[in-house]
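The structure appears below as structure tokens.
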Amino acid sequence: MRMESSTPTHFIRRIIEDDLARGRYPEGIHTRFPPEPNGFLHIGHAKAICLNFGMAAEYRGKCNLRFDDTNPEKEDMKYVDAIREDVRWLGFDWEDRLFFASDYFARLFEFAIELIEQGKAYVDSMSAEQIRQYRGTLTEPGADSPYRNRPVAENLELFHGMKDGEFGDGEHVLRAKIDMQAANLNMRDPVIYRIRRTSHYRTGDAWCIYPMYDFTQCLSDALEHVTHSLCSLEFEDHRPLYDWFIDNLDTPARPYQYEFARLNLEYTVLSKRKLIELVEDGHVDGWDDPRMPTISGLRRRGFTPESIRDFCERIGLTKSDTYIDAGVLEHVIRDELGASAPRRMAVLRPLKVVIDNYPDDEEELLDAANHPQDPAMGTRKVPFSKVIYIERDDFMEDAPKKFFRLAPGREVRLRYAYFITCNEVIKDEQTGEVLELRCSYDPATRGGNAPDGRKVKGTIHWVSAKHGRAAEIRLYDRLFSVANPDRGEQDWKAYINPASLETLDHCLTEPDLAPAQPGERFQFERLGYFCADRDGRQAGKPVFNRIVTLRDSWAKISNR
RNA sequence: AGGGGCGUAGCCAAGUGGUAAGGCACAGGGUUUUGAUCCCUGCAUUCCCAGGUUCGAAUCCUGGCGCCCCUGCCA
């Protein structure tokens, strides 16, 4: 149950409340989510999305979606489309505030001119290699570029020349003139414009110079009147630079940057580079492979927007490096689906059961509740007949006392149906494999209760052989076999779990499941939560993804 | 001549000088036609360490230790 005890507070919320209390933002706060459209969003981005849109919603402010697209070499429209879809799917709305840094290229250029005119930026004509050498190191100061004191007029002429395509890539860059001795490397005359003769996915060949992140981010924030610019910890060192541009330029607003720790999740990786590698090397089936920590992967797996928002709320927000226990993600989806998913029966690994004393041609429809705690979800009819299939795991020939399921001579309840007792085990003479069970049923127990008050400890699920429908079911396990693949002795890829996908091709479901639409979620009783996959359309039979298993205390007991 | 951050339970995380919230996980018990759900109960004499200030310290001071980030014309 979500017995939330007051919304958890965190330092960002405190900063905002303090600002509001001081009356600093009579128009309300303004945040933004600024992804670069060079890949797909993952659960780590969800944390930032929930924070930015969440704070805006909570304090009746606004949140923009802004594509930070200043590097033409990596960006593409297909990513902006995917990102828009993912943010919207998560439940957030940027209304009419969809922005692109590339729309600011002209204004950013003017800001650069303004800096040059003030003598606070210069065109440097050293090579990338030289610039690196002049930058110094972590412990040694940098040295001024010989071009550092170029006259303003010359800088202006050169910068216009850069813009007009008079130079090749790398011939010149524009640098902010700050302090080559600064202890903070970011302040050692950072490059703010570079020449790149590459078509931009939005501006085409209109520009051949592109602004750098540090210059773009703060000014874009200012242009959009962002009040609280929230980003991850690795940009803490960039804050002085962020402030420097804002302080030295005539901007329409004064945004402030605050940093929080990014998400790390056990048993997966959350870096764009690694995710790309998983896709390109074929370790997974694409960006939306249900094993991927991408938003699209989680969506296809069967996670709901609500569960992901709940996750982001539960993990907290601080500045300390964290590794979130994989159990938290499992918990949020179980929690939601436990309350909302209709129950159905499906058998993953069928074992034939013949009920000898049941009439050969008879069949009947039994009432089954769609949800044990929620009568409002109604009931359905489940067909029953002489031959059924049960889960192979629900039968043991030599069962320990603690095993409550079916075994020779033991009686169990077939959910919503009858008590049955196992009388005979038919095995393959060669292999010893159990082929089928011969059982008898007690007609008096129809519906699952014995008039004589007799109790059975086990209740198992089943599907009528005659009425069951074939289905393919995909079981997913963790993508990596260790909690922190980044932190091991070996390369992270050495820890990829080779058994992260198990496809079961001969599953049987109750007939009600045959028309399941892609995206529909169910609890298969006693097994877990499952989501119909789009592949079912082509396959001609339904395909279900296992979202997560049910908690299984028997597994814990039997593993001991 | 390095700079910037962070250390509270297995994992997260409240706490801001008044005697360690909460969640996940885990363990035990109860209810149960899902070994599910739900409901109880337990789970830090102590907050990275050592000194100090104080009637009183996770909170303040001093000194250590550990971990993360920073030397792209990426973001």
Side-chain angles (χ1 to χ4, degrees), chain A residues 1 3-6 8-10 34-36 38 68-71 73-74 124 127-128 131-133 135-142 169-170 172-175 181-188 190-196 210 212-214 216-217 231-240 259 261 266 272 313-332 334-335 338-339 343 345 368-369 371-373 402-405 413-417 447-449 455-461 483 523-528 549-558:
Chain A
M1 269 296 120
M3 276 322 300
E4 79 299 277
S5 54
S6 72
T9 193
H10 51 63
E36 180 185 14
N38 69 342
D68 194 26
D69 52 356
T70 57
N71 183 353
E73 290 173 334
K74 299 180 174 179
D124 196 335
S127 67
I131 287 178
R132 189 183 324 132
Q133 283 167 359
R135 184 154 32 231
T137 68
L138 293 178
T139 53
E140 294 159 330
D169 287 12
H172 306 287
V173 290
L174 184 69
R175 293 230 255 170
Q181 269 73 244
N184 181 346
L185 287 308
N186 295 114
M187 302 299 273
R188 320 239 263 228
V191 171
I192 59 180
Y193 265 92
R194 76 284 213 186
I195 300 170
R196 195 107 318 166
Y210 293 92
M212 301 286 287
Y213 166 85
D214 287 301
T216 307
Q217 191 69 206
C231 64
S232 45
L233 241 33
E234 64 267 32
F235 295 108
E236 268 179 318
D237 289 344
H238 296 237
R239 188 172 357 112
E259 312 84 14
E266 286 183 346
K272 218 172 257 182
E313 185 106 323
R314 283 169 183 268
I315 58 176
L317 188 80
T318 64
K319 291 172 79 107
S320 39
D321 290 325
T322 58
Y323 242 101
I324 303 297
D325 192 305
V328 180
L329 230 204
E330 296 183 355
H331 172 79
V332 294
R334 282 197 190 108
D335 194 36
R343 311 287 122 126
M345 290 198 287
H371 190 110
Q373 276 84 235
K402 298 276 239 170
F403 186 78
F404 301 154
R405 289 113 93 141
R413 173 190 294 110
L414 292 178
R415 178 131 239 226
Y416 308 120
N449 287 303
K455 301 288 183 199
V456 290
K457 281 214 202 80
T459 299
I460 64 175
H461 59 279
Q523 182 195 95
F524 290 174
E525 296 210 47
R526 304 209 308 129
L527 296 175
T549 61
L550 256 29
R551 289 185 70 218
D552 187 356
S553 51
W554 165 245
K556 283 172 192 162
I557 295 167
S558 64

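All values reported here derive from a predicted model rather than from experimental measurement. Just so we're on the same page: letters track the sequence lines, and every chain starts at 1.
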Between A:S320 and B:rA13, is there a side-chain N or O to OP1/OP2 distance below 4.0 Å? yes
Nucleotide B:rC70, atom P - distance to CZ of A:R132 in whole Å: 16 Å
Face-to-face stacking of A:W554 with B:rG35, centres under 5.5 angstrom, angle under 30°: yes
Is it true that A:R239 and A:E259 make a salt bridge, defined as a side-chain N closer than 4.0 Å to a carboxylate O? yes
Quick check on B:rG72: is either OP1 or OP2 less than 4.0 Å from any side-chain nitrogen or oxygen of A:R135? yes
OP1 or OP2 of B:rU34 under 4.0 Å from side-chain N/O of A:H461: no
For A:L527 and A:V191, find the nucleotide of RNA chain B closest to each by heavy atoms; which residue's nucleotide sits nearer the 5' end? A:L527
Could you state the atom-to-atom distance from CG of A:N186 to C1' of B:rG2 in whole Å? 13 Å
Under 3.5 Å, is there any donor-acceptor pair linking the side chain of A:R343 to the base of B:rU34? yes
Assign A:Y210 to base, sugar-phosphate, or nothing according to its heavy-atom contacts below 4.0 angstrom with the strands shown. nothing
Donor-acceptor pair (no angle test) under 3.5 Å: A:D552 side chain, B:rG35 base: no
Any strand: nucleotide that pairs with B:rU54 via Watson-Crick or wobble, under 3.5 Å: none
According to the Watson-Crick and G-U wobble definitions, with both distances under 3.5 Å, which nucleotide is paired to B:rG66? B:rC6
Is it the case that B:rU71 (base atoms only) and A:E140 (side chain only) share a donor and an acceptor within less than 3.5 Å, ignoring hydrogens and angles? no
Is it true that a side-chain atom of A:Y416 and a backbone atom of A:A369 form a donor plus acceptor pair closer than 3.5 Å? yes
Return no unless some side-chain N or O of A:R188 is found under 4.0 Å from OP1 or OP2 of B:rC70. no
Rounded to whole angstrom units, what separation is found between the OH atom of A:Y193 and the P atom of B:rC73? 16 Å
Side-chain N,O (A:R334) to OP1/OP2 (B:rA36) below 4.0 Å: no
I'd like to know if A:R405 reaches the base of B:rG35 with its side chain such that a donor and an acceptor end up less than 3.5 angstrom apart. yes
Do the side chain of A:R314 and the base of B:rC12 come within less than 3.5 angstrom through a donor-acceptor pair of N or O atoms? no
Give none if B:rG42 has no partner; otherwise give the nucleotide forming a Watson-Crick or G-U wobble pair with it, both distances under 3.5 Å. B:rC26
Hey, are A:K272 and A:E36 close enough for a salt bridge, meaning a charged N less than 4.0 Å from a carboxylate O? no
Do A:K319 and A:E236 come within less than 4.5 Å of each other through their side chains, counting heavy atoms only? yes
